[in-house]
Amino acid sequence: MGASGAGKSTLLHCLGGLDRPTAGQIFCGERELQRLSETELADFRNREVGFVWQIHYLLPEFTAEENVMMPLLIRGIAREEAAPTARARLAEVGLSARAHHRAGELSGGEQQRVVLARALVGRPKYLLADEPTGNLDERTGEVISALLGDLHRSHGLTSIFVTHNPNFARSCDRVLYLQNGELAHV
């Protein structure tokens, strides 16, 4: 948590290998992310990190199932092998019946659940979520918050969430605040 403009999203981008920090080091296990090539970073993101953003970034011309399959297809996994895995993740977030709907045919909460399924389809170690409930009404936000907690536990993830929502933050195991460029535990 932290004030707008404090660098919360930038921190997530650095942790996920999307941006490189201007100073300091980021390690994931034994790997120092700054030392990885762009190709190695792309592979790290595809295989080890699941991203959930406030804006869904679903590909509108594809179905929910196809959107969820995308990280596996990028890995070179055949569609016939990727599809059952995508369907399993959609079932896990309660969207089996909506698998063949395009993004525009889904509600905001359904779109966010597709994003969760897509983030988990490749069995990542890390889940990074930036304001995952920010664009949702309060009730739907609570559903997504609970689902994130359930998925965190059932997949054995290391999860880092950025939020302005104090109710969502209270559901987390640990809350850190970004203040003056420093992380503070409260």
Practice task
Flag yes if L41 and F27 sit in one hydrophobic cluster, no otherwise; membership is Ile, Leu, Val, Met, Phe, Trp, Tyr, and two members link when side-chain heavy atoms are under 4.5 Å apart.
Solution key: no
Exercise for the section: Would you list the pairs meeting side-chain hydrogen bond (donor to acceptor under 3.5 Å, both in side chains) in which at least one residue belongs to residues 115-129, sequence neighbours left out? Expected result: none
Problem - Side-chain touch P124/V49, heavy atoms, less than 4.5 angstrom - result: no
Exercise for the section: Mind checking the CZ-CG spacing from R89 to L72? Nearest 0.5 Å is all I need. Expected result: 9.5 Å
Handout entry: Where P132 and F168 come nearest, the two heavy atoms and their spacing
Key = CG-CE2, 3.8 Å
Handout entry: Within-4.5 Å side-chain heavy-atom neighbours: L120 and L151
Key = yes
Exercise for the section: For the residue pair Q34 and P21, establish whether any side-chain heavy-atom pair is separated by less than 4.5 Å. Expected result: yes
Completion exercise
The reported gap from CG in L148 to OG1 in T163 (rounded to nearest 0.5 angstrom) is 10.0 Å
Practice task
Kindly compute the distance separating CD1 (I144) from CG (D137), expressed to the nearest 0.5 Å.
Solution key: 10.0 Å
Handout entry: Side-chain donor or acceptor of R87 paired with backbone N/O of S96 under 3.5 Å
Key = no
Practice task
Could you tell me whether the side chain of R75 and the main chain of D43 form a donor-acceptor pair under 3.5 Å?
Solution key: no
Exercise for the section: Indicate yes or no for a side-chain donor-acceptor contact from D130 to the backbone of V162 under 3.5 Å, with no hydrogens or angles considered. Expected result: no
Handout entry: Inter-residue atom distance C14.SG - I26.CD1, 0.5 Å rounding
Key = 4.5 Å
Practice task
Side-chain contact test, heavy atoms from C-beta onward, threshold under 4.5 Å: evaluate it for S145 versus F161 and give yes or no.
Solution key: no
Completion exercise
Closest heavy-atom pair, A82 versus I77, reported as atoms and distance to 0.1 Å, is N-CG2, 4.0 Å
Handout entry: Donor-acceptor under 3.5 Å (R113 side chain, V93 main chain)
Key = yes
Practice task
For the residue pair L18 and F51, establish whether any side-chain heavy-atom pair is separated by less than 4.5 Å.
Solution key: yes
Exercise for the section: Please check if V68 and I74 belong to a single hydrophobic cluster, counting links between Ile, Leu, Val, Met, Phe, Trp and Tyr side chain heavy atoms closer than 4.5 Å. Expected result: no
Exercise for the section: Identify whether L12 and F44 are in the same connected component of the hydrophobic contact network (ILVMFWY, side-chain heavy atoms under 4.5 Å). Expected result: yes
Practice task
Could you tell me whether a side-chain N or O of E105 sits under 3.5 Å from a main-chain N or O of R102, the two making a donor and an acceptor?
Solution key: yes
Practice task
For Q112 and G141, indicate whether the former's side chain and the latter's backbone hold a donor-acceptor pair under 3.5 Å.
Solution key: no
Exercise for the section: Kindly determine whether H152 and D173 satisfy side-chain contact (heavy atoms from CB on, under 4.5 Å), including the steps that lead there. Expected result: CA-CA 11 Å; H152 164 80; D173 296 329; 4.1 Å; yes
Exercise for the section: Could you tell me whether R35 and E40 have a side-chain N and a carboxylate O separated by less than 4.0 Å? Expected result: no
Handout entry: Side-chain ion pair, E142 and R139, N-O less than 4.0 Å
Key = no
Problem - side-chain contact (heavy atoms from CB on, under 4.5 Å) between S4 and H164, intermediate numbers included - result: CA-CA 9 Å; S4 293; H164 285 114; 3.8 Å; yes
Practice task
Answer yes or no: is there a donor N or O on one side and an acceptor on the other, between the side chain of Q111 and the main chain of L58, under 3.5 Å?
Solution key: no
Problem - Donor-acceptor contact present, side-chain K8 to main-chain L178, <3.5 Å - result: no
Exercise for the section: Find out if a path of hydrophobic residues (ILVMFWY) with successive side-chain heavy-atom gaps under 4.5 Å connects M69 to L116. Expected result: no
Exercise for the section: Enter the distance from L33:CG to Q25:CD here, rounded to the nearest 0.5 Å. Expected result: 10.5 Å
Practice task
Answer yes or no: is there a donor N or O on one side and an acceptor on the other, between the side chain of N46 and the main chain of P71, under 3.5 Å?
Solution key: yes
Practice task
Please tell me if the side chains of M70 and F62 come closer than 4.5 Å, counting only heavy atoms from C-beta onward.
Solution key: yes
Problem - Presence of salt bridge, E65 and R98, under 4.0 angstrom - result: no
Practice task
Give a yes or no on this: more than 12 heavy atoms of other residues, nucleotides or ligands lie within 6.0 Å of atom CD of E138.
Solution key: no
Handout entry: 4.5 Å side-chain heavy-atom contact, L127 and I160
Key = no
Handout entry: Spatial distance of atom NE2 (H101) from atom OG (S107) [nearest 0.5 Å]
Key = 11.0 Å
Handout entry: Basic-acidic side-chain contact under 4.0 Å: E38, R20
Key = yes
Problem - 4.5 Å side-chain heavy-atom contact, Q179 and M1 - result: no
Completion exercise
What one should report as the nearest heavy-atom pair of V114 and L90 is CG2-CD2, 4.2 Å
Practice task
Indicate whether any N or O donor in one side chain lies under 3.5 Å from an N or O acceptor in the other, for H100 and E66.
Solution key: no
Practice task
Please report the closest heavy-atom contact between V175 and A169, naming both atoms and the distance.
Solution key: CG2-O, 3.4 Å
